[in-house]
Amino acid sequence: MSRLPFGPAPTLLIVVCVLTAAWLALAPGPDVPPDGVTRLHVLTFAQTHYDAYKVIIPEFEASHPGVHVKLELGDERAVTSRLQSAFWAGTKTPDLVEVEIGAVGMFFRGPLDEIGFTDLTDRVHETGLYDRIVQSRFAPWSSRGRIFGLPHDVHPVMLAYRRDLFEKEGVDPADLDTWDKFVAAGRRMTRDMDGDGIVDQYMIELSDSAHGDLEPLLFQRGGGYFDADGALTMDNAIAVETLAWYVPLVVGPGQIANSLGAGQILTQAMEDGFFLCLLCPDWRSAVIENDMPRLSGKMGLMPLPRAEPGGRGTSTWGGTMVGIPKQSPHPDLAWELALYLYYAPEPFEERFRNTNILPPTRDAWDLPAISEPRAYWGGQRIGDMFVSIADETPPQYTSPYTPLAKTKLGEAVLQCVDYYKHNGEEGFRDFVAQTLKEKADDIRALLERNPFL
Amino acid sequence: MSMHRETFWALQRKAAPYLFVAPFVIVFCSFMVYPLLNSIWLAFQFTNGPQSSVFVGFDNFLFMLRDPDFWTALKNTAIFTLFSVFLQLPLSLGLALLLNARWVRGRNFFRMAFFSPHLVGQVFVALLFSLIFLPHYGLLNRALHAVFGVGLDTKWLMNANLVMPALVLTSLWMYVGFNMIYFLAALQAVDRNLYEAAMVDGASRWQQFLHVTVPGIKPIAVFVIIMSTIGSFQLFELPFVLLKGPGPDNSALTIVMYLYNTGFSTGDLGYASAIGWVLVLIILTVSLAQAKVTGLWKKNV
């Protein structure tokens, strides 16, 4: 021991360090599949998708001997940032990843050849998939004319309403086929029910401080953030018209809408009859069923009122794609799995019963599950109802700057609400136009700086 | 042979310290020095992640000057910092004085109770307060309604004018007790004889506080002020979780959140680096100014 100049302890530490490092370097990782087995790694952020895939993946594995599918669920934000980090660092990625519509734009920021997802355009056309699918649903997953993801859904929007309270008020939802009629009815039905001076029944849940509820109403009118060529459109005439119409619904003497937040508070508010209607894309109808079981039989779905007679009777809200990262060592197998998970008709029926999400492939719309009456919705055949409007679903074009545009639209909503609260109609329309232009110019300044687009 | 052996041990004796610090130096250089130097280079580039970049000179810094979101973030961060220093720290000191008084019963319990919010972390606190601030059903609105008759529909987290008060309130709950511990430690280190001497000289309570307590806790107080300022300028998790982003009209956008969004949502690591370096300069300037104003570098006589 006397030969160890600093005593035995540091020497022992070094030995432990060397052994640990050697073990870390040499030990097989937990992800290494056994010889002869090909592992496909699928990463999703949605619990409902995860549950649905878990049930049907064994069948895929049975039909592909030697293939093992590892399904993983992650938080949406974590999935997105992990994927981006992997793209940037060139490290291992899953073979299939689901990306939410609000996050996909960030992957399309650079030159086309640096986008981390495999370009699926040729596969989509060669397999005839392009013609089977509602084509507007490719828009969010495309950049500069190339398709980088397969659409999981259509997400047409209807209105969910409290059937029992509508009946009590003597209002037939079929009569509310335009927004003018809906707002007129809303002004009658929005009121203080218990005489304490506080309004405790609102016609609809709409936010006075964020873009989320305005967005589908903007899409319904043919507006949006960007057009198919990537040009910013969030301050065009449609946007000005829509925002000027929207703001008096959420503030001022004609207010018919309010918002409290999502989750438990929304459940409580719906059960209390605080809101009579909710914007309801197909996925949200399942959320309502799960979160508000006490409203079973008391809820109904109605088409989205049209902006004008003959106008579009729906919109879209949300969306998911599955993409194949370029780093995947098994792109062909991943493609097969993606087609199976998204478009195989056999497992679809059970998935629709669980998620209410309409697939974008028209040939799946004839399946019996779609036409089943639902007790929760008072016996309505909600699948058929969503199918009837699915082809009208407007496109949502994606840009790397879409998340920022959403934030800016939210700022515009807030500023216009504030203006309307203090000034009413006087100069309001000009203020809306000016505010939207200012917000859009902020984004244009960023667009001009980007040499890659 | 023994000659060689002696040379070996002599060499080992000289090299051993360097070998022992080598792992730290390697890790420090890899994960701190290199990224720092690289971020200086990045600050002069327009980037698409680390994959491609274009040299833009000072354009990132010039763009920052006319970027309204940067100025909003700076304004919000500065307001939060002011509240931290001028509201939170006096409250912490007041609480420390109270819980340092011998006549207060159950002092240890209260010290623990006031410190405990800090133990649970910002994410937990943010989630907790997101429920407390709920309109109509939230605890705060219910309490205000019951006590003062205020309407239930105050939207603390959806109204741009109320977001900052909500943030400050949340941070008060979390940090007042934490800073109180520093002040308590400082107060307990003040020599009791000085108070007795001051009393003999006829000094009032206020005079004792001003001329005995304040000079006694000054080094710790300056440290707490500087650390609070730096921490406030780095504010990120609390608003990020509480408001799930920058809040209505960017009312909770802080510089670090803007840096994060720019780098990891927009992918512009160059601009994010430029923001980071401006933040470093701001914190450095403010900290130096605070040290100067509080006389940190003056030698005690």
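In what follows, chains are A, B, ... by sequence order, proteins preceding strands, each numbered from 1.
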Chain A heavy atoms under 4.5 Å from [X]: which part of the residue, side chain, backbone, both or neither?
| X | result |
| --- | --- |
| B:Ser53 | backbone |
| B:Pro135 | both |
| B:Leu269 | side chain |
| B:Asn141 | neither |

Residue, of [options], that accumulates the most heavy atom pairs under 4.5 Å with chain B:
| options | result |
| --- | --- |
| A:Gly410, A:Pro403, A:Ser259, A:Ala412 | A:Ser259 |
| A:His211, A:Arg77, A:Lys408 | A:Arg77 |
| A:Gly261, A:Ala269, A:Ser207, A:Ala210 | A:Ala269 |

Interatomic spacing from [atom1] in [X] to [atom2] in [Y] - rounded to 0.5 Å:
| X | Y | atom1 | atom2 | result |
| --- | --- | --- | --- | --- |
| B:Asn159 | A:Asp208 | CG | CG | 8.0 Å |
| A:Leu260 | B:Met158 | CG | CE | 6.0 Å |
| A:Leu266 | B:Leu134 | CG | CG | 11.0 Å |
| A:Arg449 | B:Phe46 | CZ | CZ | 6.0 Å |
| B:Leu253 | A:Glu411 | CG | CD | 8.5 Å |
| B:Asp268 | A:Met106 | CG | CE | 13.0 Å |

Enclosure of [X] [atom1] (heavy-atom neighbours >12, cutoff 6.0 Å):
| X | atom1 | answer |
| --- | --- | --- |
| A:Glu271 | CD | yes |
| B:Arg66 | CZ | yes |
| A:Lys326 | NZ | yes |
| B:Phe83 | CZ | no |
| B:Phe31 | CZ | no |

Can you say whether [X] sits under 4.5 Å from chain B via the side chain, the backbone, both, or neither, judging by heavy atoms?
| X | answer |
| --- | --- |
| A:Ala89 | neither |
| A:Gln84 | side chain |
| A:Ala103 | neither |
| A:Phe107 | neither |
| A:Asn450 | both |
| A:Asp272 | side chain |

Open item on the list: Restricting to non-hydrogen atoms, name the atom on A:Ser209 and the atom on B:Pro248 that form the minimum distance, rounded to 0.1 Å.
Closed with: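 Shortest heavy-atom contact: O-CB, 4.0 Å.
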TODO: Write down the atom of B:Asn48, the atom of A:Gly110, and the distance for their closest heavy-atom approach.
DONE: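 Of all heavy-atom pairs spanning B:Asn48 and A:Gly110, the closest is ND2-CA, 3.2 Å.
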Open item on the list: Can you tell me which of B:Asp153, B:Leu152, B:Asp59 forms the most heavy-atom pairs within a distance under 4.5 Å of chain A?
Closed with: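 Top option by heavy-atom pairs under 4.5 Å: B:Asp59.
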Evaluate the side-chain proximity of [Y] to [X]: yes if any heavy-atom separation is below 4.5 Å, no if none is.
| X | Y | answer |
| --- | --- | --- |
| B:His145 | A:Ile198 | yes |
| B:Asp69 | A:Leu404 | yes |
| A:Trp88 | B:Thr47 | no |
| A:Cys17 | B:Pro23 | no |

Open item on the list: For B:Val54 and A:Phe452: C-alpha separation, side-chain torsions, deciding distance, then whether side-chain contact (heavy atoms from CB on, under 4.5 Å) applies.
Closed with: CA-CA 9 Å; B:Val54 175; A:Phe452 303 122; 4.0 Å; yes
